[in-house]
**Q** 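This is the structure I want to talk about, given as structure tokens.
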Amino acid sequence: MMQLSQDLIQRYHDVIESLGPEALKEMLQAMHLIRAFEERAEQLYMLGKVHGTMHLSIGQEATAIGAANAMQDGDYLLNHHRGHGHCMAWGSDPNRMMAEFMGRETGYCRGRGGSMHIADVDSNNLGANGIVAGGIPIAVGVGLSIKMRRTNQVCLVIFGDGAANEGAFHEALNMASIWALPIVFLCENNQYAMSMPVEKAFNIENISQRAAAYGLPGITVDGNDPLAVYSAVSEAAARARRGEGASLVEAKTYRYKGHSKSDKQAYRSREEVRDWQDNRDPILRFANLLVLAGVITEAEAATMRDQAIATIDEAVEFSENSPEPSVADILDGVYA
Amino acid sequence: MPELRELTYAEALREGLRQLMAEDERVFLIGEDIGVYGGAFGVTAGLLDQFGAERVIDTPISEAGIAGACIGAALTGMRPVGEIQFMDFVTLSMEQLVLQAAKVRFMFGGKASVPMVLRMPGGSGTGAAAQHSESLENWFVHVPGLKVVMPSTPYDAKGLIRAAVADNNPVIFVEHKLLYKTKGHVPEAPYSVPLSQTQIVREGTHLTVVATSIMVSRALQAAEQLADEGIQLEVIDPRTLKPLDDAPIIESVKKTGRALVVHEAVEMGGFGGEVVARIAASEAFDYLEAPIRRLAGLDIPIPYNRELEYHTVPQVESIVREARKLVKGEY
């Protein structure tokens, strides 16, 4: 572990320098916040305080944080339903996210969307999608719009390995390529599409290889390393901003929890999960790196999780004190 | 009196689109073969030359992609008008339309809007057989969040496309292949035909005929024939199927005491069922002098053979027959 981190410091010397200590520290803190949010989400569900389902991204925090930090103000985000981390990394307010998760009127979607559909349109977070690959063709439209409006924005669309086997993925990547649209396609490969392992669902080693079929650059990075994701997405976003078009970035990561609340996880072993948790955990690894790089002290690292939990405590309190939506407003928001 | 200016249905649509594009930079067209080819039915002919390839976008054969492109652009400030070459092919866009376009606003607490129009020609009568002749409008009528428009004349085509583009919701705009070459009066100056405004096309006293798309003109021809027998049909065109302005229909049935709904789509699960239910549930019920009837497509795929195809959907003669039976009490 320590040796690995020393190597990383060498490899990421430039990116560590360019991000600077404050940003690096915030990234780690935000990873803790995502995990604390999701651990609490699961707990609230167990306590019977939440009505619906949820798709937890515990173990995948580095991908969300690395990618979001590579984007600029005014850029667009589209993601899919394992998306709590992406929203939080995009800067969403934990109070309003938790309120949405708990179905309250103060939530981002007034309790109409829930865990799978958190969006914050005001910050150009165009929302999480409950349909696998459903947001990928929409990204094409966002890219077209950016091009026609002649702004310098980029659209980041995050989806899973499962989405890469939908037809929508094919149509969208081809259209993005022929029109050189400013889109970063980020495939968060967490090894399983519900129960289907990537080894059985693909006959290629890396999903990023598919980029070549569309004439796009494709790269695979360690999705549990926020700096690797940050570097790859930064480069893809810069390319898009230069008018050179879209890219496909694959971040290989791992989800610790089941697909959703009903998952008995018969398709994988406890040992496999434990191996990722013990040896490749993105938060532990990044914390070690920052300590070694002298960005934070061990004492600071030790307090970050508690800080995150305190923030989530407040979010839960805010949500529990928030009103439920009124049935009198049930018809609101269907039509503009 | 000077002759009224006439355009075909396709020309009226084109003029409407041209005026919208000239006025508003946010409006653009996207679809298969809409540029140099001018669209499979010629609706967009010449628009590429006038507005350029950035605003008249030819796409690969990717119907989900076309719908998604419209949604994403609409969410971020544009006013896309997509074209699905044949309505049948919209089956390949259904996820984007039904699960995305229709729902994002509601799912996001009313904070986003999807001001897009998706044009598509439906209908049989061209010998295009089962996969190029469908009338699927009622699928969309069943989806909250979508609007569904079906112009039956050149005048309405031009006015409704303008209202549809101005609307802040996703609008499914259903044209008819056989109507593209039909002519009618179309003023040159821009005008809107408001959405959700049912029109009484012909006044009559004996039977209310609610017809959509090409069935409006067939119902009017039937009305001419029956007028010779002393039977006066009142022909009503909803023009917008969803949200439906049903008040004029109900008022009409209160006057005539009889109702027949005519559409090309198959009867089972078709739009006619909704109209019948609304009449039956309204105060018009007390005025009924005959059962409310539907005349619609047979519950079969559209056949290729000319004679079979003809007999699959309502024609002038069948409307005449059914209307006469209802008025004469021979049901």
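Convention: sequence-line order gives letters A, B, ...; per-chain numbering from 1. Predicted model only: the values in this text are computed from it and were never measured.
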**Q** With a 4.5 Å cut-off on side-chain heavy atoms, are B/Pro60 and A/Met175 touching?
**A** yes
**Q** Is A/Leu126 close to chain B through its backbone or its side chain, or both, or neither, when contacts mean heavy atoms under 4.5 Å?
**A** both
**Q** A side-chain contact here means heavy atoms from C-beta on lying under 4.5 Å apart; do B/Leu75 and A/Val142 qualify?
**A** no
**Q** Out of B/Asn169, B/Ile66, B/Ile71, which one racks up the most heavy-atom pairs below 4.5 Å with chain A?
**A** B/Asn169
**Q** Can you tell which part of A/Asn124 gets under 4.5 Å to a heavy atom of chain B, answering side chain, backbone, both or neither?
**A** neither
**Q** Which bit of A/Val121 comes within less than 4.5 Å of chain B, counting heavy atoms only: side chain, backbone, both or neither?
**A** side chain
**Q** What part of B/Glu25 is in contact with chain A, defined as an atom under 4.5 angstrom from a non-hydrogen atom: side chain, backbone, both or neither?
**A** neither
**Q** Which of residues 75-103 of chain A get closer than 4.5 angstrom to chain B, counting heavy atoms alone?
**A** A/Tyr76, A/Arg96
**Q** Select, from A/Ile131, A/Asn174, A/Asp120, A/Asp122, the one with the greatest count of heavy-atom pairs under 4.5 Å involving chain B.
**A** A/Ile131
**Q** Measure the shortest side-chain to side-chain distance between A/Cys109 and B/Met107 over non-hydrogen atoms and say whether it is less than 4.5 angstrom.
**A** no
**Q** Using a cut-off of 6.0 Å, state whether more than 12 heavy atoms not belonging to B/Tyr37 lie near its atom OH.
**A** no
**Q** B/Thr76 versus chain A, heavy atoms under 4.5 Å apart: side chain, backbone, both or neither?
**A** both
**Q** Using heavy-atom distances under 4.5 Å, tell me whether A/Tyr335 contacts chain B through its side chain, its backbone, both, or neither.
**A** both
**Q** Quick check for you: among A/Ile118, A/Asn129, A/Ile146, A/Ile178, which has the greatest number of heavy-atom pairs under 4.5 Å with chain B?
**A** A/Asn129
**Q** Are any non-hydrogen side-chain atoms of A/Asn125 and B/Phe108 less than 4.5 angstrom apart?
**A** no
**Q** Looking only at heavy atoms and a cut-off of under 4.5 Å, which of B/Gln96, B/Met78, B/Lys147 has the most pairs with chain A?
**A** B/Gln96
**Q** Pick from B/Lys103, B/Glu95, B/Arg55: which one has the most heavy-atom pairs with chain A under 4.5 Å?
**A** B/Glu95
**Q** Name the region of B/Leu92, side chain, backbone, both or neither, that has any atom closer than 4.5 Å to a heavy atom of chain A.
**A** neither
**Q** Quick one: which residue pairs count as a salt bridge (Lys or Arg N to Asp or Glu O under 4.0 Å) with a foot in residues 319-336 of chain A, not counting sequence neighbours?
**A** A/Lys49-A/Glu320, A/Arg104-A/Glu324, A/Arg110-A/Asp329, A/Arg110-A/Asp332
**Q** Looking only at heavy atoms and a cut-off of under 4.5 Å, which of B/Asn168, B/Thr59, B/Ile30 has the most pairs with chain A?
**A** B/Thr59
